[in-house]
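Report on the following structure.
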There are 2 protein chains.
Amino acid sequence: MDERELLLLGLLSFQSQHGYQINEFIERNLARVTSMKKATAYAILDRLARDGYASVHTEQAGNRPPRKVYALTPRGEERFRELLRQSLVDPGESAIPGDVGLMFLDQLPRDEVIEGLRMRLARVDEQIAELEQVPPHGHGIGVDLAVEHKLVLLRADRDWLRGVITRLDAGSD
Amino acid sequence: MDERELLLLGLLSFQSQHGYQINEFIERNLARVTSMKKATAYAILDRLARDGYASVHTEQAGNRPPRKVYALTPRGEERFRELLRQSLVDPGESAIPGDVGLMFLDQLPRDEVIEGLRMRLARVDEQIAELEQVPPHGHGIGVDLAVEHKLVLLRADRDWLRGVITRLDAGSD
DNA sequence: TCTGGAATAGTCAGTCTTGACTATCCACGC
DNA sequence: GCGTGGATAGTCAAGACTGACTATTCCAGA
């Protein structure tokens, strides 16, 4: 259900970390996977601690400001596995975004629609090119499967978009 | 960007409506398109009125409780077209849900993973069957394109899931 | 005619999310 | 020996979202 909580539990399952470290990792490596913002991650970490899924202890490195280090408790590990099982079965209502716009597309002049969809296609192409550059991950197959999954869906989207644009271009109806 | 606002503007673009009516329509016909809840719709309608995109006037039918009827203003129509254009180009970060779970899949025993993905596949199959029943919509091509789009992505997802399950089943790695 | 359940029409308190902001530390050039 | 820009490590107020709840009306059946 809650992909954000699952993500944080998952990151903590590898090693204890403090908030800043986790946010760094997300910003650098997981921007494509989640759009969660810093403040949200801090809030969820607090919640995990409050609910007994993570323990906190404050650490001071040199003269730096103190950091709160979060570690999964046994309950937290159980929670992680539970959410993980759930998320494999039911990846949350995949209300594919963008379809609302599609539904109302008749309200816009046909050439504006085509123009817009062309731009959309260009972006999808970019995303595909980017993902195709990602090297195999190495540790386990999960990450590679996730990338593969995203690629499969993006390619299907691309092909469909091309078809639609062609159809709209030829005789406008 | 904000699909919810776009959806409400779009519904109002066809005719003025009161909140309850809009929520009825969403619950009955658009459950697959959005997961927006009643209270959210009321809140967004308020916001639209506050920002001058919709006008409100109170109506009393018989002895029933009074209702607030919302109608698009010219500014609202402009806003609608603007959001519509945007959403065609950039359908919001399509962070395809479920990929977080995939990423951590190595943390779960292989057979639990396979079991989970089988259930997921069954659900996808159901959704496809359901959508295939939807008859052509009639008014314009937008709605039909949206359905087609969803179907295309669901089928790609289904095919990928089948492949993954087969791979995992045969030699567990 | 009386009653219980569905339809009508919302509201509200609590939670979640985020843009903007704070504050310190360190390395480096000048 | 000093300023300043990036890295470090968060916090906070404001707005968005929703589950649970309220309250009235209508109507079908006993």
Side-chain angles (χ1 to χ4, degrees), chain A residues 1-9 11-12 16-31 33-51 53-54 56-71 83 92-93 95 97 100, chain B residues 1-9 11-12 16-31 33-51 53-54 56-71 83 92-93 95 97 100:
Chain A
M1 273 275 242
D2 186 351
E3 292 234 313
R4 287 152 172 214
E5 187 175 336
L6 176 60
L7 179 61
L8 293 183
L9 288 168
L11 292 178
L12 288 178
S16 310
Q17 302 190 63
H18 54 96
Y20 186 79
Q21 203 175 351
I22 288 182
N23 274 306
E24 274 300 290
F25 189 79
I26 291 176
E27 270 176 41
R28 285 193 212 286
N29 308 299
L30 300 179
V33 176
T34 183
S35 55
M36 180 171 48
K37 299 300 184 292
K38 267 174 12 140
T40 310
Y42 281 113
I44 295 178
L45 286 172
D46 270 355
R47 176 155 48 83
L48 290 178
R50 189 199 61 195
D51 296 347
Y53 300 129
V56 205
H57 76 115
T58 306
E59 225 174 50
Q60 186 106 25
N63 255 3
R64 303 219 128 276
R67 345 144 141 161
K68 286 193 217 159
V69 176
Y70 296 85
L83 286 185
E93 262 332 302
V100 172
Chain B
M1 271 277 242
D2 187 349
E3 292 234 315
R4 289 153 170 213
E5 188 176 335
L6 176 59
L7 179 60
L8 293 184
L9 289 168
L11 291 178
L12 287 178
S16 309
Q17 302 191 62
H18 54 97
Y20 186 78
Q21 204 175 353
I22 288 182
N23 274 306
E24 274 300 290
F25 188 79
I26 291 177
E27 270 175 41
R28 285 193 210 286
N29 307 300
L30 300 178
V33 176
T34 182
S35 55
M36 179 172 48
K37 299 301 183 289
K38 267 172 14 137
T40 310
Y42 281 113
I44 295 179
L45 286 172
D46 270 355
R47 177 154 48 83
L48 290 178
R50 190 198 61 197
D51 296 349
Y53 299 130
V56 205
H57 77 116
T58 306
E59 224 174 53
Q60 185 106 24
N63 255 2
R64 304 217 127 279
R67 345 144 140 163
K68 287 193 216 157
V69 177
Y70 296 85
L83 285 184
E93 263 331 303
V100 172

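Naming convention: chains lettered A, B, ... in sequence-line order (proteins, then strands); numbering from 1 in each chain.
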Atom pairs under 3.5 Å: protein N/O with N/O of nucleotides 10-16 of chain C:
{"from": "C:dG10", "atom 1": "OP1", "to": "B:Lys68", "atom 2": "N", "distance (Å)": "3.3"}
{"from": "C:dG10", "atom 1": "O5'", "to": "B:Tyr42", "atom 2": "OH", "distance (Å)": "3.2"}
{"from": "C:dG10", "atom 1": "N7", "to": "B:Lys38", "atom 2": "NZ", "distance (Å)": "2.8"}
{"from": "C:dG10", "atom 1": "O6", "to": "B:Lys38", "atom 2": "NZ", "distance (Å)": "2.7"}

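- With values rounded to the nearest 0.5 angstrom, B:Ile44 atom CD1 is found 10.5 Å from B:Ile22 atom CD1.
- To the nearest 0.5 Å, the span separating CE on B:Met36 from CD1 on B:Ile26 amounts to 3.5 Å.
- Taking each heavy atom of B:Ala49 and B:Tyr70 in turn, the nearest pair found is CB-CE2, 4.3 Å.
- Looking at A:Asp2, its side chain does come within 3.5 Å of a backbone N or O of A:Arg4 through a donor-acceptor pair.
- Checking D:dT18, D:dT8, D:dC17 against every side-chain atom of B:Ile44, the shortest atom distance belongs to D:dC17.
- Rounded to whole Å, atom C1' of D:dA16 lies 16 Å from atom CD of B:Glu3.
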Audit row: A:Tyr20, A:Phe25, side chain to side chain contact (heavy atoms under 4.5 Å, CB included) steps and yes/no: CA-CA 9 Å; A:Tyr20 186 79; A:Phe25 189 79; over 6 Å; no
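- In this structure, the helix from C:dT1-D:dA30 to C:dC30-D:dG1 shows an angle of 0° between the axis at its start and the axis at its end, each fitted on 5 base pairs and rounded to 10°.
- Distance CG (A:Asn23) to C1' (D:dA9): 10 Å, rounded to an integer number of Å.
- Taking atom CD of A:Glu27 as the reference point, atom P of C:dG19 lies 12 Å away to the nearest angstrom.
- Note on A:Arg47 versus A:Glu5: salt bridge recorded, some NZ/NE/NH1/NH2 to OD/OE distance being below 4.0 Å.
- Residue-to-nucleotide proximity on DNA chain C shows that, of A:Lys37 and B:Glu24, the 5′-proximal contact is made by B:Glu24.
- Between B:Leu12 and B:Tyr53, every side-chain heavy-atom pair lies at or beyond the 4.5 Å cut-off.
- Look at CD1 on B:Ile26: it is 13 Å from P on D:dC17, rounded to the nearest Å.
- Atom CG of B:Asp2 is separated from atom P of C:dT18 by 13 Å (rounded to the nearest Å).
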Test side chain to side chain contact (heavy atoms under 4.5 Å, CB included) on A:Leu8 and A:Leu45 and set out the steps. CA-CA 8 Å; A:Leu8 293 183; A:Leu45 286 172; 4.3 Å; yes
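- The CZ atom of A:Phe25 sits 15 Å away from the P atom of D:dT8 (whole-angstrom rounding).
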May I have the step-by-step check of side chain to side chain contact (heavy atoms under 4.5 Å, CB included) for B:Lys68 and B:Asp46, ending in yes or no? CA-CA 10 Å; B:Lys68 287 193 216 157; B:Asp46 270 355; 4.1 Å; yes
